[in-house]
Amino acid sequence: NLLTENDFKAIQAALDDGRPFTLTREFGTVRIAVEVQETGKSAKVWNVPYIIQFRKMDRNIFSIQNFKSVEEMRWYLG
């Protein structure tokens, strides 16, 4: 798995505290970044004050996924 249980706990704590948070990891050619970000002007769309943005880079492939909760991100990551 790309994230540990402690990573998930730290992300959840940032959401609970309403504060920005950034976590980065590298696994060979794969780099991931997880950020807890304020939704700001998009809060009405997201219906939450903060979202989790998961970015994955593997050489020339780049993907971004946004989540409202740690549970959604866990499901996505399998």
Side-chain angles (χ1 to χ4, degrees):
N1 201 349
L2 297 174
L3 297 172
T4 68
E5 189 60 34
N6 284 339
D7 295 335
F8 288 119
K9 287 178 182 177
I11 295 163
Q12 186 62 58
L15 286 174
D16 292 345
D17 295 345
R19 61 180 166 81
F21 174 81
T22 302
L23 172 118
T24 59
R25 297 278 188 269
E26 288 192 33
F27 309 93
T29 62
V30 177
R31 293 182 320 179
I32 65 163
V34 179
E35 287 189 38
V36 174
Q37 302 175 344
E38 200 169 357
T39 53
K41 292 181 181 180
S42 302
K44 288 183 180 180
V45 174
W46 283 100
N47 201 29
V48 291
Y50 285 82
I51 59 166
I52 304 164
Q53 185 174 82
F54 179 85
R55 293 189 305 267
K56 182 178 176 185
M57 295 132 298
D58 188 354
R59 297 177 191 187
N60 61 344
I61 300 170
F62 184 76
S63 64
I64 298 175
Q65 189 70 35
N66 295 314
F67 305 98
K68 291 183 187 181
S69 69
V70 170
E71 292 80 20
E72 284 183 358
M73 185 172 62
R74 279 182 187 269
W75 180 86
Y76 173 78
L77 295 175

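Below, each value reflects all heavy atoms present in this structure, side chains not excepted, and no hydrogens, waters or symmetry copies. For this chain, numbers begin at 1 and follow the sequence in order.
To the nearest 0.5 Å, atoms CD1 (Ile32) and CG (Asp58) are separated by 12.0 Å. We find the CD-CG distance between Gln53 and Asn66 to be 5.0 Å, quoted to the nearest 0.5 Å. With values rounded to the nearest 0.5 angstrom, Ser69 atom OG is found 11.0 Å from Ile11 atom CD1. Atom CD1 of residue Ile51 and atom CD of residue Gln65 lie 10.5 Å apart, to the nearest 0.5 angstrom.
Here the side chain of Tyr50 pairs a donor or acceptor atom with the backbone of Gly18 at under 3.5 angstrom. Distance alone, capped at 3.5 Å, places no donor-acceptor pair between the Asp16 side chain and the Ala13 backbone.
Residues Phe62 and Leu23 are members of separate hydrophobic clusters, defined by side-chain heavy-atom contacts under 4.5 angstrom among Ile, Leu, Val, Met, Phe, Trp and Tyr. Linking Ile, Leu, Val, Met, Phe, Trp and Tyr residues whenever their side-chain heavy atoms come within less than 4.5 Å places Phe21 and Leu2 in a single cluster. By the criterion of side-chain heavy atoms lying less than 4.5 angstrom apart, applied directly or through intervening Ile, Leu, Val, Met, Phe, Trp or Tyr residues, Phe27 is grouped together with Tyr76 in one hydrophobic cluster. A single hydrophobic cluster is seen to contain both Leu15 and Met73, as judged by linkage of ILVMFWY side chains at heavy-atom distances under 4.5 Å, directly or through other members. Val45 is not connected to Phe67 by any chain of hydrophobic side-chain contacts under 4.5 Å among Ile, Leu, Val, Met, Phe, Trp and Tyr, and they are in different clusters.
At least one side-chain heavy atom of Val30 sits less than 4.5 Å from a side-chain heavy atom of Lys56.
Closest of all the heavy-atom pairs between Val70 and Ile52 is N-CD1, 3.7 Å. Considering every non-hydrogen atom in both Val34 and Phe54, the closest pair reads CG2-CD1, 3.7 Å. Residue Met57 comes nearest to Arg55 through the heavy atom pair CE-O, 4.0 Å, listed as atom of the first residue, atom of the second, then distance.
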In sequence, state the C-alpha distance, the side-chain angles, and the governing distance for Arg19 and Val36, and then conclude on side chain to side chain contact (heavy atoms under 4.5 Å, CB included). CA-CA 7 Å; Arg19 61 180 166 81; Val36 174; over 6 Å; no
